[in-house]
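Chain A is the first sequence line, chain B the second, and so forth, proteins listed ahead of strands; every chain is numbered from 1.
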Amino acid sequence: MPELPEVETIVRNLRNGHPREVRPVNPPPEQSARKVREPRPDYETAPLTSTSLLGKTITEAAVLWHRTLAEPTPEAFFPRIKGQRVEDITRRGKYLVFHLSLDYLLVHLRMSGDMLVTSVTEPLAPHDRLTLSLDDELRLAFNDTRKFGRVWLVDNPETVTGHLGPEPLDDNFTTSDLYALLTTRKRQIKPLLLDQTVIAGLGNIYTDESLHLSKIHPRTQSNTITQAQAEALWRNIRYVLAKGIEQNGASIDWVYRGGGFQNYFQAYGRTGEPCYTCGTPITRILVGQRSTHFCPRCQPPTM
DNA sequence: CACGAGACCTGTTCGC
DNA sequence: TGCGAACAGGTCTCGT
């Protein structure tokens with residue numbers, strides 16, 4: 001679920017101590033706001049705090065669902081993490097990276113994960129899978145309904161993130177880098193963009209939005225992309241990711257409240273609704289087993 | 001190498 | 001209203 005902008009938002013909140021605010025956003029003109037539901041009851045007992053975790057020391061740890069902890073073993077986890085201080089919190093692709101005194105704690109949220117900061121005096125939320133207690137009675141909980149998420153405690157973060165492709169928002173990620181990534185492979189472009197070893201951070205939403213803005217059909221063979229198309233795609237990938245971050249991510253259903261990017265969707269989730277450019281209904285197809293939304297007129301298949 | 005199917009999980013929404 | 005099917009922001013592994 002969470003893609004690069006959602007992970008970046010969570011990282012910034014944990015690092016800077018700003019709660020994700022649930023506030024109205026200004027929908028772009030002539031675009032209808034998408035529904036955002038009320039918070040789920042279990043979240044109401046788990047209020048977000050505005051406290052930064054930087055400088056806090058870990059005093060307790062609990063693994064509530066054993067498969068959540070990828071490394072090390074649950075028995076080795078607490079003795080090793082106990083007493084380590086949170087020096088920094090960063091992001092690599094869709095991974096959260098906690099820089100501790102001696103080790104790195106990496107978290108991947110997969111489809112339904114979230115990081116909740118509460119007081120240790122609060123009851124656990126229904127889907128808390130791993131919790132850390134820190135100074136000042138703080139609790140950091142990895143909450144993950146579907147149990148797909150994973151946590152690693154390692155001395156070298158590269159052992160977990162080493163397989164990832166470049167960061168699309170990096171200054172040194174250029175349009176010719178993207179062109180090379182596409183043309184040196186012969187794959188459908190959408191699954192290629194979703195492949196984290198090729199480029200890190202894109203998921204289903206931001207891929208559909210990028211391809212739509214770039215007027216590229218999601219099944220286009222990557223090696224047939226022109227230089228001009230690659231340039232447009234490079235610009236639009238960076239645009240939607242930056243816009244997503246600016247909007248604190250996208251909030252759909254009950255996940256990631258506070259985001260506003262759902263109000264800017266042009267393709268994702270708009271099946272049957274008119275394309276903002278040409279009025280043709282947005283179509284949903286399956287590409288690489290993923291739900292894919294596009295405009296059949298603006299994004300024609302390349303023959 | 002590229003791609004599809006199935007697995008991993010729980011919860012909500014859809015369609016009859 | 002009820003109930004099973006379909007679907008969900010991700011990734012991994014296996015077989016062709």
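Between atom CE of residue Met115(A) and atom CG of residue Leu140(A) there is a gap of 4.0 Å, rounded to the nearest 0.5 Å. To the nearest 0.5 angstrom, Ile282(A) atom CD1 is 8.5 Å from Glu273(A) atom CD. The CD atom of Glu209(A) lies 6.5 Å from the CZ atom of Phe265(A); values are rounded to the nearest 0.5 Å.
Atom NE2 of His127(A) and atom P of dC8(B) are 20 Å apart (whole Å). Rounding to whole angstrom units, CD of residue Gln262(A) and P of dA8(C) are separated by 17 Å. Atom C1' of nucleotide dT12(B) and atom CD1 of Ile252(A) are separated by 14 Å, given to the nearest angstrom. When the P atom of dT11(C) is taken as reference, atom CG of Asp195(A) falls 9 Å away, rounded to whole Å. At whole-Å resolution of the value, CD in Glu6(A) and C1' in dG10(C) are 13 Å apart. As a whole-Å value, the separation of Leu194(A) CG from dG9(C) P is 10 Å. Between Leu286(A) atom CG and dA5(B) atom P the separation is 9 Å, expressed in whole Å. Here dA2(B) presents its P atom at 13 Å from CG of Leu181(A), a figure rounded to the nearest Å.
Remark: dC3(C) base-pairs with dG15(B). Criterion, Watson-Crick or G-U wobble with two distances under 3.5 Å. If you check dG9(C) for Watson-Crick or wobble pairing at under 3.5 angstrom, you find it has no partner at all.
The side chain of Arg110(A) approaches dG10(C) more closely than any other nucleotide in the set dC8(B), dG9(C), dG10(C). The side chain of Gln221(A) lies closest to dC3(B), out of dC9(B), dT11(C), dC3(B). Each of dA5(B), dT10(B), dG9(C) was ranked by its minimum atom distance to the side chain of Gln289(A); first place goes to dA5(B).
Side-chain to base pairing of Arg146(A) with dA8(C): one donor and one acceptor N or O lie within less than 3.5 Å of each other.
Contact annotation for Gly149(A): no contact, since no heavy-atom pair falls under 4.0 Å across all strands. Residue Arg150(A) is classed as having no contact, given no heavy-atom separation below 4.0 Å to the nucleic acid.
Lys186(A) has no side-chain polar atom (N or O) that falls below the 4.0 Å cut-off from OP1 or OP2 of dC1(B). At least one side-chain nitrogen or oxygen of His108(A) sits closer than 4.0 Å to the OP1 or OP2 atom of dT11(C). Phosphate proximity of dG9(C) to Lys94(A): absent, as no side-chain N or O sits under 4.0 Å from OP1 or OP2. Distances shown here put a side-chain N or O of Tyr268(A) below 4.0 Å from the OP1 or OP2 atom of dG9(C). At the phosphate of dC7(C), neither OP1 nor OP2 sits under 4.0 Å from any side-chain N or O atom of Ser291(A).
Of the P atoms belonging to dG11(B) and dC12(C), the separation is 24 Å, rounded to the nearest Å. Separation of the P atoms belonging to dA5(B) and dA6(C) is 14 Å when rounded to the nearest angstrom. With P as the reference atom, dA5(C) and dA7(B) are 16 Å apart, rounded to whole Å.
When each of Arg284(A) and Arg290(A) is assigned the nucleotide of DNA chain C bearing its nearest heavy atom, the one mapping closer to the 5' terminus is Arg284(A).
Under 4.0 Å is where a charged nitrogen must lie from a carboxylate oxygen, and between Lys56(A) and Asp136(A) at least one such pair does.
Just one of Arg187(A), Arg185(A), Lys190(A) meets the side chain to side chain donor-acceptor pair (under 3.5 Å) condition when paired with Asp195(A); it is Arg187(A).
Under the 30°/60° scheme for interplanar angles, the aromatic rings of Trp152(A) and Tyr95(A) are found to be tilted.
In this structure, Phe148(A) does not count as stacked on the base of dT11(C) under the 5.5 Å centre distance and 30° plane angle limits.
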